[in-house]
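Please see the structure below; I have some questions.
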Amino acid sequence: MKVTIDGKKIEVEGKRTILEVAREKGIYIPSLCDHPRLTPFGGCRLCIVEIKEKGGYPPSCSTYVENGMEIKTRTPRLQNLRKEILELILSEHPNACLICSEKENCDEYKSTIRKVGEVTGCVLCSNNGRCELQDVVETLKIDKVRFPSVYRNLEVKKGDPFFDRDYNLCILCGRCVRVCQELRGAAAVSFIYRGSQAVVGTVLDLPLLESGCQFCGACVDVCPTGSLAERGIRYEDLPDERAKTICPFCSMGCELEIDLKKQKILSSKPSDEGAVNQGQACVRGRFLIKDVVHSPRRILMPLIRLNKELEEVSWEEALDFVAQKLKKFKGKNIALIASPHISCEENFLLRKFASEELKTENVDSSYRFSPLPRIDEMARENGFELNLNFEFKDISKAKTLFLTGEDIPKSHPIMWLEVLKAVQQGAKLIVASPTELSLNRYSSLWLQIKPGTEFYLFSFLSKLFFHEEQETKNPGIEGFDSFKDSLGEFDLSRVFEMTGITREELDEAFVLLREAEDAAFLFGTGLTQHPWGTQNVAALWNLALQAQAKIFPLGLENNLRGVSEIGHNSSDKGLNFNQILQAASSGELKALYLAGPVPYLKKANLEFLVIQDSFVNENFELADAVLPASTFAETDGTFINGEGRLQRFKRVIDPLGDAKPDWWIISQLARRMGSIGFPFKNPSEITKQMIKVIPGFSNISYADLEKGHKVFAQKKMKKEKSFLPVRHIDLNHNKSKKYPFLMILEYSLDYYRSLALSQENKGLKAIRDSRWIKVSPEDTEKLNLEQGERIVVESSSGKFKGFVKIDKSLPKGVLGASFLLSEDSEFSVNGLIPSVFQELHSLGMIPVKIKREK
Amino acid sequence: MEKIMSEYTKVQRELIHLLHDAQSKFGYIPAQMISQISRELKISESEIFGVLTFYKAFTLKPRGEHLITICMGTACHVRGAPMILDEFERKLGIKAGETSEDNQFTLETVNCVGACALGPIAIADGDYHGQMKTREVDEIIKKLKQEKRKSSE
């Protein structure tokens, strides 16, 4: 197709709008409502063009190019029309500053006068200088507004976390409404009322907190005015620097742009070029980076315990002290906890340090709580390698999706976007969850199973697959017969009794799965948290083989895949995470090196404890030395996201205080212990060595990685598919009179190193406090509890504290609490169980009772 | 409410029909109805709110026993509809769009009822009163007060 725009001949392929083509060719057409990632809207009318032999002035954002079109974008007639249209828009937007002849000289004063309640001009607006409306006024050279100004005098909405909504500045472009509906699937805002009363709002004008908003900030990022304004930068000036990094808060690995002013982080935004996130982020990446890096809980000086107290000392002194002490502990009596939050290079060094200097195989980290390592372990135990070579975007191509054990719009918001894309393209979504999830709106079928009965559900579905084909042919996959036999105990007449769903619902799910082409199974910690977690995963695995589905295990921490690749070939002789913690309290271990978060080690019986961390935590009271590590923002390195993508990240700011990057600390310690194996001057040198040594990185070239090319860790497949026989399990979690509630856990991603994000940030605390104990409305009423009231949850072997959160989505008799490693011990669900962790990294579902705190 | 729900297939395009039925059944759209519709039709609550505040036919507050609608279309307007409206407002002690405190009357305006030849028009509980004069206002109100509310169509 050939078209001409402003005399320029352009070749176009496919169905494209005039505006898209013009943008691509660098031809500027003013527009306010259009956004490259959203559907055309045609609201602002600024992008009008003239097309030869067509009447009128069609908007280029919603007119598609046709062969032979001759388009003009900036005739005097068009410019005049645009000016008039813009004047109309401006008549309802504070415009005095926009057209003020003094605006050039006004700059110096604006930051102080911004603290007024009402924004009546640009100098009072926090968006001054980054406003698209300003830009358009500038290009169209508007110097007067001939229509009467209207100030709508709407109340500014300041009650929600993170951003204010001042609809007096709104030009009703609808970008926020569209991004929320089309891209994020939340639809928390909509146009409400009509005509001159029309405004963007929520149901019954409720706060965003009560209208399904996930606070991803996508609306703030697309707003062309100051109507949606991030509160954190309200009184800040424009940034003087911008840097890119990889978000450290989950296994998606979103690319973020960080705005800086004088080496301080102002805000973080999703990067448009992010390979995974493409201009989207979630509440953590969008609003929490600044607070985490500049947290008042940061430790900025090395500390050692000389007498009774921890004292601030120089690095020299601290390193010598630790090196001297560590020399005394070798082999079995020392262990090291690494961290899935720090870079691959640093995890590689920690392992190297443990084996070469500490001569111990006791190295592990909390990454094992994630479903990904769990299914990987299971596969290895059964003698095959799991195919982990997938990309997140494969999910959007699936035709049927089966989701269990996670509320992904909350836990993995960027992964949810891929699911949403699939659903928008007509995919069927099956959800199995005991609680009602916001994404049910997009599901074809919601199986409200009894908590913890996923195993039964999968097995019953497998059984139906066998029933379907009486003369079942062995599809040539190993383990077929023994699997078939192991399902013998599942009596289909007991479906309802065992899982809480009806036979009809089961059949419906089966039909969806049987007819599925390109099915994708997504599963989260809801499956793996139980003592029978391995059985859950095995049952899901079998079902996936029958339905020919791909499995996507959801991860927790950002670099868990990195930790898993780096530790992949190490022997399993050493103690694992739980065993290390148990050995620390039993006295089996004499020394412990903590470079990653662990629960409070109150009962630890250690001679020497080193903590290398960025944040103050409870274990400091037991520590003999504390080495202040910098955060991701202060160092270079590589993270590997859940799909195995290696992503380099660069230092954004200099290390705060005396904090040092983890790789530096380990190298220095090793050198002081007499090693010559740690001569690294920068992380790149470590990267080079690491990709040579680690088998999963064998196909990777350093040059590709450095240039930011698409680089994946690869798994070599040995033997891949095999059915696994399932064991019939008795879900031994019967409630009793004494403990009438079941506590289900949400493995929370809201932590970074030893910082619980919701305890650091007020906004996140309002959305989801890690100290909430969720109670169903029925139970709240029965027990006469109030929202926010402090309660104690008790099991037969322990207790913990929390605050009542009434949650409509919970069935009665079930409580919900979040589990994260960095929570203070009194508020941590760890309090419920006798030993720090049970085997298999699982807390499971625990029968409990609740009472008011006295 | 369940009954209304059950009469419709649960597809999103039924939203307006559902709202209409709820409106005529309850005289308004109760807030909890929004979340129920949201769950059944799989439309977000904010989107439903957007639809129901767009149309004048739906209200979030209960309407009075009697509904008086004044046509403010062009033809009625030039033939004195504003004076009729004024008179109703004065007599009932409420403004257009409001409901009297005793919940007896709701006064509304509408932009054209398509009977311009009869203007100015007032519609009282479904009865059309054409070529209204201000002195007839009192009569209509008195009549309504005596009558029981006719069942709405």
Side-chain angles (χ1 to χ4, degrees), chain A residues 157 160 165 167 172 174 176-214 219 409 420 423-424 428-431 435-446 448 777 808-809, chain B residues 1-2 5-6 8-16 18-20 22-23 26-63 71-74 77 95-98 108-112:
Chain A
K157 303 198 183 305
D160 286 306
R165 295 180 289 145
Y167 291 120
L172 297 170
C176 53
V177 175
R178 280 176 291 149
V179 80
C180 197
Q181 291 180 350
E182 294 171 11
L183 266 184
R184 307 298 306 214
V189 288
S190 180
F191 283 114
I192 58 173
Y193 305 108
R194 71 163 168 186
S196 61
Q197 309 291 308
V199 64
V200 174
T202 56
V203 61
L204 302 169
D205 225 2
L206 291 170
L208 286 174
L209 275 171
E210 290 164 49
S211 51
C213 175
Q214 300 287 348
C219 54
L420 182 66
V423 173
Q424 284 168 341
K428 305 266 190 249
L429 176 63
I430 311 168
V431 181
T435 57
E436 189 178 359
L437 310 176
S438 63
L439 65 83
N440 283 354
R441 203 161 68 231
Y442 295 93
S443 69
S444 304
L445 180 64
W446 169 34
Q448 189 177 19
K808 281 192 287 190
S809 71
Chain B
M1 223 184 282
E2 265 100 52
M5 290 281 188
S6 65
Y8 291 97
T9 47
K10 287 164 184 173
V11 289
Q12 306 197 339
R13 63 167 182 274
E14 297 285 10
L15 173 62
I16 295 205
L18 252 169
L19 289 173
H20 265 304
Q23 177 75 34
F26 302 109
Y28 71 112
I29 310 285
Q32 67 264 37
M33 180 106 196
I34 299 175
S35 44
Q36 201 162 346
I37 296 176
S38 166
R39 193 170 301 154
E40 297 286 342
L41 297 192
K42 303 187 169 179
I43 307 175
S44 93
E45 295 187 8
S46 292
E47 285 172 281
I48 296 170
F49 192 71
V51 171
L52 80 85
T53 52
F54 183 87
Y55 294 103
K56 234 176 179 173
F58 307 127
T59 52
L60 284 155
K61 281 189 199 137
R63 283 186 177 162
C71 178
M72 299 297 277
T74 318
H77 192 97
K95 294 263 175 223
E98 291 178 351
E108 280 180 358
T109 61
V110 68
N111 282 337
C112 184

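So that the names make sense, note that chain A is the first sequence line, chain B the second, and so on, each numbered from 1.
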**OP:** Would you check if A/L204 and B/F49 make a side-chain contact, meaning some heavy-atom pair closer than 4.5 Å?
**Re:** yes
Original post:
Using non-hydrogen atoms only, which part of B/L52 is less than 4.5 Å away from chain A: side chain, backbone, both, or neither?
Top reply: neither
Original post:
Taking all atoms of both residues into account, what is the closest heavy-atom pair of B/E47 and A/S190, and its distance?
Top reply: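 Closest approach of B/E47 to A/S190: CA-OG, 3.7 Å.
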**OP:** Sort A/Y193 into side chain, backbone, both or neither according to what part of it lies under 4.5 angstrom from a heavy atom of chain B.
**Re:**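 Both backbone and side chain.
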Original post:
Does the side chain of B/K56 come within less than 4.5 Å of A/R194's, by heavy atoms?
Top reply: yes
Original post:
Hey, what do you get for CZ (A/R441) to CG (B/L41), rounding to the nearest 0.5 Å?
Top reply: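 One gets 11.5 Å once the value is rounded to the nearest 0.5 Å.
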Original post:
Could you give the distance from CD (B/E45) to CG (A/L206), rounded to the nearest 0.5 Å?
Top reply: 8.0 Å
Original post:
Side chain, backbone, both or neither: which part of A/Q181 has a heavy atom under 4.5 Å from chain B?
Top reply: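 When you check distances to chain B, only side chain atoms of A/Q181 fall under 4.5 Å.
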Original post:
Is the backbone of A/V203 close enough, under 3.5 Å, to the side chain of B/S46 for a donor and an acceptor to pair up by distance?
Top reply: yes
**OP:** Could you have a look at A/S443, A/S211, A/A186, A/A198 and say which one has the most heavy-atom pairs with chain B under 4.5 angstrom?
**Re:**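 Sorted descending by pairs with chain B, the first entry is A/S443.
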